[in-house]
Amino acid sequence: QVQLGESGGGLVQAGGSLRLSCAASGRTFSAYGMGWFRQAPGKEREFVAAISGRGWSTFYADSVKGRFTISRENAKNTVYLQMNSLKPEETGVYYCAGGRSPNIHHRKEEYDFWGQGTQVTVSS
């Protein structure tokens, strides 16, 4: 069992930046591909970014390519999401998730562990 806890959300103006962190419990963090998802009010939870267990591979939703960067520090059991040039439509709750293998996963169904989420609000 892996427990995840996100931090770093907040209020930012359009065009600004935020860095989210997700700390994980457990001793086999590198065994899990990790991902970030977000959910706006009244909308489905959507994929944002994913990273493989060793951090060698990453994958992004088209909407965030070139602006968001996912990374991880396995020694600290932590995954990050650096978000630049934020847009108001990216307001929502951001969740980190642990996948069922070290591979890249981009579907919700491929993730077994979820954090409680952190609110990101981008003002126009």
Side-chain angles (χ1 to χ4, degrees):
Q1 187 77 11
V2 175
Q3 292 185 323
L4 304 173
E6 303 93 336
S7 61
L11 174 64
V12 64
Q13 288 189 330
S17 298
L18 280 175
R19 188 194 196 201
L20 305 183
S21 299
C22 173
S25 64
R27 295 177 293 176
T28 57
F29 186 58
S30 61
Y32 303 101
M34 299 296 295
W36 286 96
F37 289 75
R38 64 188 178 195
Q39 188 166 18
K43 293 190 176 181
E44 294 274 333
R45 190 171 301 188
E46 65 174 0
F47 169 79
V48 175
I51 188 167
S52 60
R54 295 287 187 179
W56 295 337
S57 299
T58 57
F59 184 74
Y60 297 93
D62 287 343
S63 60
V64 307
K65 280 180 183 175
R67 298 185 298 117
F68 288 16
T69 302
I70 187 171
S71 61
R72 65 190 296 162
E73 287 188 78
N74 286 348
K76 295 184 178 180
N77 278 17
T78 303
V79 61
Y80 305 97
L81 184 68
Q82 176 67 43
M83 306 185 294
N84 298 329
S85 302
L86 281 160
K87 305 174 183 179
E89 56 265 37
E90 294 180 312
T91 292
V93 179
Y94 282 67
Y95 299 89
C96 75
R100 57 191 55 171
S101 82
N103 300 326
I104 290 282
H105 305 288
H106 64 277
R107 297 189 301 122
K108 296 189 297 290
E109 295 75 18
E110 296 172 308
Y111 287 87
D112 290 334
F113 311 107
W114 293 84
Q116 80 287 351
T118 185
Q119 177 69 43
V120 171
T121 302
V122 186
S123 63
S124 56

Reported [atom1]-to-[atom2] distance for the pair [X] and [Y], which is rounded to 0.5 angstrom:
X    : Y   : atom1 : atom2 : answer
R72  : T58 : CZ    : OG1   : 12.0 Å
F68  : S85 : CZ    : OG    : 9.0 Å
Q119 : T91 : CD    : OG1   : 7.0 Å
M34  : Y80 : CE    : OH    : 12.0 Å
E89  : S63 : CD    : OG    : 9.0 Å

Indicate if [X] and [Y] have the same hydrophobic cluster label, given that clusters are the connected sets of ILVMFWY residues with side-chain heavy-atom separations under 4.5 angstrom.
X    : Y   : answer
F59  : F37 : yes
V2   : L81 : yes
F47  : I51 : no
Y111 : V48 : no
W36  : V12 : yes

Does atom [atom1] of [X] have more than 12 heavy-atom neighbours from other groups under 6.0 Å away?
X    : atom1 : answer
R54  : CZ    : no
E109 : CD    : yes
Q3   : CD    : no

Salt bridge check: are E46 and R38 linked by an N-O gap of less than 4.0 Å?
yes

Closest contact, heavy atoms only, [X] versus [Y]:
X    : Y   : answer
R45  : Y95 : NH2-CZ, 3.4 Å
T78  : F29 : N-CE2, 3.5 Å
Y60  : T69 : OH-CA, 3.3 Å
M83  : Y94 : SD-CE2, 3.7 Å
S124 : A14 : CA-CB, 4.4 Å

Would you find a donor on one side and an acceptor on the other, under 3.5 Å apart, between the side chain of S52 and the backbone of S57?
yes

Test your reading of the model: is there a side-chain donor-acceptor pair from E6 to the backbone of Q116, 3.5 Å cut-off?
yes

Only pairs under 3.5 Å count here: list side-chain donor-acceptor contacts from residues 17-24, not counting sequence neighbours, and write none if there are none.
| from | atom 1 | to | atom 2 | distance (Å) |
| --- | --- | --- | --- | --- |
| S17 | OG | N84 | OD1 | 2.9 |

Please list, chain by chain and in numerical order, all residues satisfying side chain to side chain donor-acceptor pair (under 3.5 Å) with R67, sequence neighbours excluded.
E90

